[in-house]
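Keep in mind that this is a model prediction, so the values were computed, not measured. Sequential numbering from 1 along the given sequence is applied to the chain's residues.
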Amino acid sequence: MHTTQADYFPILMQTLLAVGFVAGTIFVSGKLGPKRHSVNKDKNFECGIESVGNARIPFSVKYFLVAILFVLFDVEVIFMYPWAVNFRAMGTEGLIKMGIFMLLLIVGFFYVMKKKGLEWE
């Protein structure tokens, strides 16, 4: 399978369009949005609860574990997308490789379930 730099042009265009849309939306909303400042609006706010005490309260390790597992399983989907696009070109060899990849993911998922990594206390 031979690729040239021209084959990456649609990816570059899509990336530029996405970045341009996000930057443009942020810029326009900043210019057109209301700008009202008051004592109440400038206060720190989180969930409607007045902040009291030390800000350095330790979080449970479960929170970070769930976040890391979410990223891990999300990245797996990113690896599956190019395979799905080139499914026919890869043939049986690609199917076997993806089967091994999925088997490893399933083993990892069952390991996490066995260790109760997704259960809240």
Side-chain angles (χ1 to χ4, degrees):
M1 188 162 91
H2 298 287
T3 60
T4 63
Q5 290 181 351
D7 293 337
Y8 294 104
F9 185 71
I11 297 170
L12 176 66
M13 289 301 297
Q14 184 177 8
T15 303
L16 289 176
L17 181 67
V19 169
F21 177 76
V22 170
T25 303
I26 291 172
F27 178 75
V28 169
S29 67
K31 293 296 181 189
L32 297 179
K35 293 164 187 65
R36 297 183 196 117
H37 296 285
S38 69
V39 175
N40 283 336
K41 282 195 168 279
D42 292 338
K43 278 186 183 178
N44 289 337
F45 175 78
E46 183 175 334
C47 303
I49 300 170
E50 195 70 32
S51 58
V52 177
N54 189 0
R56 305 202 188 286
I57 299 170
F59 283 98
S60 172
V61 175
K62 292 275 188 180
Y63 173 78
F64 296 108
L65 180 64
V66 170
I68 289 170
L69 289 173
F70 173 76
V71 171
L72 175 71
F73 287 112
D74 195 39
V75 169
E76 293 164 2
V77 174
I78 294 170
F79 283 126
M80 290 172 63
Y81 181 73
W83 171 78
V85 170
N86 296 319
F87 177 72
R88 290 196 177 147
M90 293 179 150
T92 308
E93 182 183 350
L95 181 63
I96 292 170
K97 288 179 181 179
M98 184 51 75
I100 293 169
F101 180 69
M102 291 300 294
L103 179 69
L104 291 172
L105 295 180
I106 291 170
V107 167
F109 181 71
F110 282 124
Y111 176 77
V112 168
M113 295 298 286
K114 181 182 175 192
K115 292 292 185 175
K116 298 179 181 177
L118 299 176
E119 292 183 12
W120 293 101
E121 294 176 0

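- At least one side-chain heavy atom of L95 sits less than 4.5 Å from a side-chain heavy atom of W83.
- In this structure, F87 and M98 have side chains that are not in contact, with every pair of non-hydrogen atoms separated by 4.5 Å or more.
- Of the possible donor and acceptor atoms, one in the side chain of K35 sits under 3.5 Å from a partner among the backbone N and O of G30.
- To the nearest 0.5 Å, atoms CZ (F73) and CD (E76) are separated by 5.0 Å.
- Side-chain heavy atoms closer than 4.5 Å link hydrophobic residues (I, L, V, M, F, W, Y) into clusters, and following such links, possibly through other members, connects V75 to F101.
- Hydrophobic clustering (side-chain heavy atoms under 4.5 Å, transitive across Ile, Leu, Val, Met, Phe, Trp, Tyr) keeps Y8 apart from V85.
- In this structure, OH on Y81 lies 10.0 Å from CG on N86, to the nearest 0.5 angstrom.
- To the nearest 0.5 Å, atom CG of residue L69 and atom CG of residue D74 are 12.0 Å apart.
- In this structure, F70 is not a member of the same hydrophobic cluster as M113, with clusters built from ILVMFWY side-chain heavy atoms closer than 4.5 Å.
- V66 is connected to V112 through a chain of hydrophobic side-chain contacts under 4.5 Å among Ile, Leu, Val, Met, Phe, Trp and Tyr, so both are in one cluster.
- Connection of L72 to L65 is established within a shared hydrophobic cluster, with ILVMFWY side chains joined at heavy-atom distances below 4.5 Å, either directly or through further cluster members.
- Between the NZ atom of K97 and the CE atom of M90 there is a distance of 7.5 Å, given to the nearest 0.5 Å.
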